[in-house]
Structures are given as C-alpha cells and as structure tokens.
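Notes follow once the structure below has been shown.
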2 protein chains.
Amino acid sequence: MSTETGTAGNGTEGGPAAVEPASRRARGRATMKDVARLAGVGIKTVSRVVNRESGVSPAMAVRVEAAVRELGYRPDAGASALRRADGRTSAIGVVVDDVANPFFAALLRAVEEVAVRHGTVVLAGSADDDGSREREVAQAFTDRRVDGLIVAPSGSAVDELGSEVDRGLPVVVVDRAVEALRVDQVLSTNELGAADAVSHLAAHGHRRIAFLGDRTSIPTARERLAGYRQALAAAGLPVDERLVAADLHGEASAEGAALALFTGLPDGTWPTALFCAQNRVTIGVVRALRRLRLEDRVAVVGFDDFPLADLLQPGVTVVAQDPTRVGTTAATLLFARIDGRAEAPRTVWVPTTLLRRGSGEIRPDGAALSAAARG
Amino acid sequence: MSTETGTAGNGTEGGPAAVEPASRRARGRATMKDVARLAGVGIKTVSRVVNRESGVSPAMAVRVEAAVRELGYRPDAGASALRRADGRTSAIGVVVDDVANPFFAALLRAVEEVAVRHGTVVLAGSADDDGSREREVAQAFTDRRVDGLIVAPSGSAVDELGSEVDRGLPVVVVDRAVEALRVDQVLSTNELGAADAVSHLAAHGHRRIAFLGDRTSIPTARERLAGYRQALAAAGLPVDERLVAADLHGEASAEGAALALFTGLPDGTWPTALFCAQNRVTIGVVRALRRLRLEDRVAVVGFDDFPLADLLQPGVTVVAQDPTRVGTTAATLLFARIDGRAEAPRTVWVPTTLLRRGSGEIRPDGAALSAAARG
DNA sequence: CTGAAAGCGCTAACAA
DNA sequence: TTGTTAGCGCTTTCAG
C-alpha cells in the first residue's frame with residue numbers, strides 16, 4: 001500500500017495517510033483523494049467509477065470499488081454540485097403555510113414521492129401565512145441553490161419569487177393562484193367547488209345560506225366567496241350580507257361567528273344552511289352547532305375534506321380537494337422544467353369532489369329551528 | 001441599517017461586463033467576484049461584509065453593500081460550507097415514518113421552528129416503515145453533509161446510522177427507542193401511558209379489556225403491549241390471549257379485528273372495554289363499534305390523540321402524546337450537539353396525558369351488551 | 001484594514 | 001483507458 005503518488009502536495013497530512021481520512025472538516029469522511037490513493041489510481045478514475053461513467057476497465061473498477069467500501073466513501077453532493085456543469089443540487093424546496101396542516105402535509109408527502117424517484121431531496125418550510133417569513137424560507141432554499149421550488153404563496157411576497165423566476169429558477173405555484181407570476185400553477189377549482197357546495201344546498205330547498213370563510217387576503221378565500229355569490233345568483237337567491245362572515249381565522253373565530261349568526265340576527269332571518277369555505281372554519285362551525293344543538297337542523301357543507309368528517313354525527317358533507325394529486329402534479333411539472341421543458345407556463349386545475357355525508361342533505365325546517373334554539 | 005442609499009458607485013468604472021454575471025452555471029447569479037469587481041474591492045472584503053466580520057471600514061462596507069444590492073447578490077451556502085473550517089451546512093435532516101401522519105407532521109413542524117431560529121433548513125423524508133428506504137433517505141441527507149439528523153427509526157436500519165454516529169454526526173432518535181445507538185433519544189412514555197389507559201378502564205369496573213395494537217415489529221407497539229399486561233397484572237386481572245389483537249396495520253385491519261372480537265368469541269366472553277394502542281387502530285375500532293351500535297356500551301381508550309376525537313359521540317378518551325414537545329426537545333438536543341456539547345447521550349421521556357372524553361368512562365354492562373349486539 | 005493566493009471536494013477539459 | 005490540470009464560489013491563511 002505504498003502508493004505515494006508524490007504529486008499530492010497536501011501539506012496538512014501526515015502519519016498513516018492511506019487509512020487516515022484526510023480532513024477533519026468532513027467529519028472523518030474519506031474523500032475521493034483518499035480513495036484514489038488507497039486504490040493507487042488517479043482521482044478522476046474514482047470519479048468515473050463513482051458516477052458510473054463508461055470507459056473504465058473492469059480491473060480498475062474493482063480496485064476502486066474495494067477502496068470505496070473499505071473507506072466507507074460517500075461522495076459529497078454539495079461539492080459535486082458546485083463543480084458540475086449543470087449546477088444541479090438534486091434538492092428542491094417546498095414552501096407551504098404549515099407542514100402540519102393535513103392538506104399541506106399530504107401535498108408534501110406527494111411531492112416527496114416524486115422527488116425520491118428523481119433522486120432528489122426535499123427541503124420543507126412553513127411560511128405561516130406571513131409574507132416576510134415566506135421570503136426568508138424561500139431565500140434560505142435558493143441560497144442552497146435548490147433545483148426548483150414549489151410554493152403555496154401567502155399572497156404578498158411574490159415579487160422576490162418573481163426575480164428568481166426571471167433568473168430561471170423553476171417554480172411551481174400550488175393551491176393559491178398568482179396572476180403576476182409566469183409559472184406553472186396547480187390549483188383546486190375553488191370557485192367551481194364552492195358553487196357546487198352552495199348549489200347543493202339550494203337544491204335541497206335552502207334559501208338562506210350563510211357563508212363563513214377565511215381571511216380574504218388569501219386568494220382561495222376570495223375565490224370561494226365568489227363561487228358562493230355566483231351559485232346564489234344562479235339559484236335566483238338574493239345575497240344577504242348579514243349572512244356573510246368572511247375574514248375568519250381559525251376554529252375559535254369560526255365558532256364565534258356561527259354562534260353570532262343565531263344570536264345576533266332577528267328571529268326568522270336565521271340561515272338554514274351554512275357553507276364553510278375552509279377546513280378549520282368547518283370544524284369551528286360544527287362545534288357551534290353542537291353547542292346550540294342544531295347539528296341535525298341546520299345544513300352544513302364544508303370546503304376541503306378532513307379526517308373523521310364521516311364519523312361525526314351527522315357526517316359532514318364536504319367539497320373535497322385532492323392534495324395528493326395537487327402535489328404529484330406540481331412535482332411532475334417542476335421536474336419537467338428542471339429537465340429543461342421550455343413551454344409556456346401552464347395552469348392545471350385539480351377538480352374537487354362533493355362528498356355527501358348527511359350534514360349537507362338536511363332540509364330547511366324554520367319552525368323547528370327557532371324552537372330548538374330558543375329552548 | 002444604514003439609511004444611506006449608496007448610489008455613490010455610479011459612474012465609477014464598469015461597462016456592461018461589470019454588470020454581466022460571470023457564470024451561467026449559477027443560473028445568472030452574481031458571485032462574490034462579480035460584487036468585488038463592481039465595488040472595486042478585493043473578494044475577501046466582500047466576504048467580510050457579507051459575513052459581517054469586523055474590521056471593515058464603513059466606507060468600504062457601504063460600497064460593497066451597494067454592489068450587493070445592485071447585483072442582487074446572495075452567497076452560495078453550499079460553496080461556503082465546502083470551504084468553511086467547521087464544514088457546517090446549516091441544514092438538518094428529519095427522517096420519519098410519514099410526514100403526512102399528524103403525529104410526525106406536528107413533530108416536523110416543531111423541529112422546523114427550532115431550526116429557523118438557528119438559521120438552519122430542514123430536509124424532510126418519509127421512510128414508510130421500510131428499513132431500506134430509511135437507509136436511502138438518511139444517506140441522501142448525509143450525502144448532503146447535513147449538520148445533524150433526527151430520526152424515528154423503523155427498527156431495522158440502525159447499523160448504517162450507527163456508523164454515522166461513530167463518525168461524529170449528531171443524531172437524535174425520536175419516538176422509538178433504539179438501545180443499540182449511543183445517542184440522545186426523545187421518547188413518549190409508551191409503557192406507562194398504556195398502563196394508565198388500561199388502569200383507567202379497570203378502575204371503571206372493566207375486567208375483560210381487549211388490546212388492539214400495531215405491528216409488534218415496532219418498538220412502541222411492544223412497549224404499549226407491555227404496559228397493557230402490566231396494568232392488568234396490577235389490577236389483578238388475568239390476561240385472556242383471545243382478547244389480544246396485535247400486529248394490526250391500518251384502520252381496516254383494526255376494524256376487522258374489533259368486529260372479530262364480538263363475533264368470533266363465545267357469548268359472555270366478549271370484552272367490555274378496548275384499549276387501542278395506536279392512532280389509526282383507534283379510528284378503525286370506533287368504526288367497528290359504530291357498525292355494531294356498541295359505541296355507547298363498550299368502553300374505548302386510545303393511545304395517541306387525533307383531531308376531532310372530542311367531537312365524536314361519545315368523545316374518544318385517549319392517552320395523548322405531545323409531538324410538538326417531542327420535536328422541540330429533539331431539535332434542541334440536536335443543536336446542542338451540533339454546537340459542540342459532548343456529554344453522555346441522554347434519554348428524555350415526554351409524558352403522556354389521559355384525556356377523558358366519554359368513551360373511556362363507560363362502565364361495563366354485559367347484559368345490555370349481548371342484547372344489543374344480538375339485535 | 002485590505003487583498004492575493006491556496007484549496008475545500010469535486011467534475012470538465014484536455015492531455016498522455 | 002487513464003491521469004493531470006484547472007477552477008466552481010467560497011473561506012482561510014498570510015502577506016502587505
């Protein structure tokens with residue numbers, strides 16, 4: 001094993017050089033140079049073997065592979081990306097509102113699935129509906145030179161993203177449309193889905209249908225509100241603005257708003273049906289109806305499915321989104337861009353599905369309703 | 001925060017070449033060299049300003065900052081890590097079973113929270129209870145030279161991890177104890193929590209308490225089963241192995257197992273209470289009891305809380321884990337290691353909490369039970 | 001205080 | 001087929 005090539009010129013080494021890893025910086029990791037020395041070959045040969053390039057004699061390959069195993073060598077992906085012509089890091093970033101939100105968690109998982117097939121790791125970050133944090137997260141990712149970004153934009157921080165797009169960074173927007181960005185977008189049919197939900201209620205005889213929704217700073221919330229208005233118009237129903245509770249945030253405020261609908265309004269003007277434009281809003285509303293013992297009297301349809309919605313009593317009828325499909329589609333589009341597809345940006349609409357479970361099929365019953373709430 | 005808008009540099013040298021980014025590999029990104037050229041300073045001065053090192057004259061700093069802004073310069077974290085003495089990448093990896101599982105999603109979120117405070121990004125990966133995939137994910141992360149790893153081990157793939165630990169990679173194990181690894185571990189009190197649940201049922205008069213649990217290849221499943229046996233012993237109750245359904249996987253098999261308990265056993269030997277050792281098992285069991293219309297007759301306590309457990313009827317009593325605390329603790333321990341703490345590995349037990357919601361407080365009622373199931 | 005040179009671990013381009 | 005040289009973008013070392 002006396003394989004001193006003499007050309008190393010590495011001043012920092014010493015002792016049993018062949019076995020001893022060269023650098024403590026790399027946490028005791030062997031480098032390509034170490035492998036080359038142990039195998040008695042040039043460093044480029046090691047590179048060829050490690051990257052499975054052709055044009056290496058079997059004998060050499062065997063020697064190198066043995067050295068690789070002996071040293072437990074693993075290539076440094078960062079160093080590789082730095083030097084490589086295409087500069088690819090085989091990492092992508094996913095920026096969502098909250099990775100713990102079931103919708104985004106499922107989306108993240110779907111993205112990961114596609115990413116592993118592309119030998120790519122996933123950086124995940126939560127923006128918490130905060131533009132500046134979104135910017136920071138996205139920047140932290142681009143600072144690491146990710147190959148691409150999947151973003152559910154919070155709304156405001158789009159400009160920074162725009163400059164990355166202009167630089168040529170592949171970006172796919174999910175969940176929330178951003179007109180200003182010329183990138184692929186994968187969106188649920190928010191307006192259509194909301195209209196479906198409200199039409200469904202109207203078809204069951206409801207004429208006083210309330211809207212409870214998320215902050216209107218969020219595009220999806222606005223689209224769902226638009227769908228609500230559109231469906232009312234289509235059904236020939238007037239919009240009573242007292243029945244529109246937008247700008248809710250979280251379960252608690254939704255619960256409060258729902259209670260207010262039945263306590264703050266004059267008798268007889270109460271809604272007989274509620275359309276809940278978001279996940280957590282729906283849950284808050286269900287809580288409120290339970291407290292009022294109205295869960296079997298007032299119809300409810302929610303936008304976005306949630307686990308156990310079918311096990312509640314009554315089961316909660318929802319317009320379900322498909323986060324897995326959104327994630328899969330977004331990731332597929334992203335990798336197509338990363339691999340060089342240069343077509344015009346495309347927007348893919350992922351359809352929603354109405355799931356009838358009981359709460360949305362309750363028919364209006366004004367008299368019983370007043371009595372129940374009063375008692 | 002200088003309020004100066006350093007436009008002073010205008011007109012000083014340049015030409016188009018100074019604005020033109022040097023490298024197309026970097027996707028049209030300016031490099032330090034570009035900034036240095038535009039500012040008319042040495043590259044090291046740029047490095048000092050960018051890294052906020054001391055010993056730069058204010059005038060220089062202003063010029064450099066102006067050039068940084070003009071070019072939209074952002075340092076390449078990868079290149080920086082490659083050269084830096086400590087080799088830190090400011091990235092950590094989190095390997096769990098499934099990032100879409102609410103327990104792990106919450107854990108991931110908690111880890112992320114700590115990580116951002118340390119200026120660190122999070123690589124997330126799902127191992128899907130598959131040892132070889134776990135190995136691949138962890139390896140993909142270490143190939144990127146993450147500063148540390150948080151892993152919920154699937155059980156088998158621990159050896160590879162061990163060699164990373166030996167190399168000095170900071171690793172924290174969460175959720176599932178691994179005796180063989182000398183690393184920090186953050187675990188829920190599985191055995192104790194399970195025993196609590198069963199004792200709670202016994203205290204409510206139950207003598208025939210069934211166990212329904214996850215695959216026993218998973219350490220946590222074994223610990224919870226041990227807690228079950230221990231609590232029965234403590235209560236002076238015999239273990240009837242016909243009431244022990246382990247090795248379930250997923251909701252469907254849990255539902256089937258629960259049904260079997262009430263159809264496959266002789267009359268009078270049915271359980272009056274069920275302990276469900278895992279999230280999805282609990283949900284499957286609830287489904288089964290609904291089908292049998294036994295939900296108000298048979299007591300249920302689940303291990304691990306889940307959203308809406310309180311909104312079911314009856315509310316589902318659970319022994320809740322605290323994934324956020326697990327994640328926060330694990331991340332805190334990890335960063336302490338990354339920052340050089342060299343104490344002996346520590347195991348932190350995160351306590352579980354019994355949440356009484358109704359289903360666990362049902363008292364045994366054998367006669368009614370037989371009748372109901374028969375009808 | 002400032003900058004030139006060296007080199008992290010690797011791949012690209014070009015010898016041999 | 002193999003190896004040598006250069007250099008990715010950055011930090012370190014060390015000389016001005």
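Heavy-atom basis, side chains included; hydrogens, waters and symmetry copies ignored. Numbered from 1 within each chain, the chains take letters A, B, ... in sequence-line order. Please read all numbers here as calculations on a predicted model, not as lab measurements.
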| query | Atom CG of B:Leu82 and atom P of C:dA6: how far apart are they, to the nearest Å? | reply | 18 Å

| message | On the nucleotide D:dG3, are OP1 or OP2 found under 4.0 Å from the side-chain N or O atoms that A:Thr45 carries? | response | yes

| said: At under 4.0 Å between heavy atoms, how does the protein contact nucleotides 11-16 of chain C? Give one character per nucleotide, 5' to 3', with B, S or -. | reply: BBB---

Check residues 113-120 of chain B and write down every donor-acceptor pair under 3.5 Å in which the side-chain atom is one partner and the other belongs to a residue at least two apart or another chain.
{"residue": "B:Glu113", "atom": "OE1", "partner": "B:Arg109", "partner atom": "NH1", "Å": "2.2"}
{"residue": "B:Glu113", "atom": "OE2", "partner": "A:Arg133", "partner atom": "NH1", "Å": "2.8"}
{"residue": "B:Thr120", "atom": "OG1", "partner": "B:His118", "partner atom": "O", "Å": "3.0"}

| query | C:dG9 C1' sits how many Å from B:Arg145 CZ, rounded? | reply | 9 Å

| message | Between P on C:dC8 and CZ on A:Arg29, what's the gap in Å once rounded to a whole number? | response | 17 Å

| A:Arg74 has an atom CZ; how far is it from atom P of C:dG9, in whole Å? | 16 Å

| field | Atom pair CD1 (B:Ile338) and CG (B:Asp147), whose distance is rounded to the nearest 0.5 Å | value | 5.0 Å

| field | Nucleotide D:dG3, atom C1' - distance to CZ of A:Arg37 in whole Å | value | 16 Å

| Interatomic distance, B:Lys33 NZ vs D:dT11 C1' [rounded to whole Å] | 15 Å

| Tell me: CZ of B:Arg144 to P of C:dG9, nearest whole Å? | 18 Å

| task | Identify, with sequence neighbours excluded, every residue that meets salt bridge (Lys or Arg N to Asp or Glu O under 4.0 Å) alongside B:Arg74. | result | A:Asp143

| request: Could you pull out all residues at least two apart from B:Asp184 that satisfy salt bridge (Lys or Arg N to Asp or Glu O under 4.0 Å)? | output: B:Arg337, B:Arg341

| request: Not counting sequence neighbours, which residues clear side chain to side chain contact (heavy atoms under 4.5 Å, CB included) with B:Asp175? List them please. | output: B:Phe103, B:Phe104, B:Ala152, B:Thr220, B:Gln321

| remark: As a check of understanding: the bend across the helix from C:dC1-D:dG16 to C:dA16-D:dT1, end axes from five pairs, rounded to 10 degrees, works out to 40°

| request: Name the residue closer to the 5' end of DNA chain C, choosing between A:Gly78 and B:Gly55 according to the nucleotide with the nearest heavy atom. | output: B:Gly55

| remark: In whole angstroms, the gap separating P of C:dG9 from CG of B:Asp76 amounts to 16 Å

| task | Quick one: which residue pairs count as a ring-ring contact (aromatic ring centres under 6.0 Å, His included) with a foot in residues 72-91 of chain A, not counting sequence neighbours? | result | none

| When you measure from the side chain of A:Arg144 to the backbone N and O of B:Ser90, does any donor-acceptor pair fall under 3.5 Å? | yes

Show me the side-chain donor-acceptor pairs of residues 40-54 of chain B shorter than 3.5 Å, one per line, residues at least two apart or across chains.
{"residue": "B:Ser47", "atom": "OG", "partner": "B:Asn51", "partner atom": "ND2", "Å": "3.4"}
{"residue": "B:Asn51", "atom": "ND2", "partner": "B:Ser47", "partner atom": "O", "Å": "3.0"}

| task | Return the set of residues passing side chain to side chain contact (heavy atoms under 4.5 Å, CB included) with B:Ser163 (not counting sequence neighbours), or none when no residue passes. | result | B:Arg167

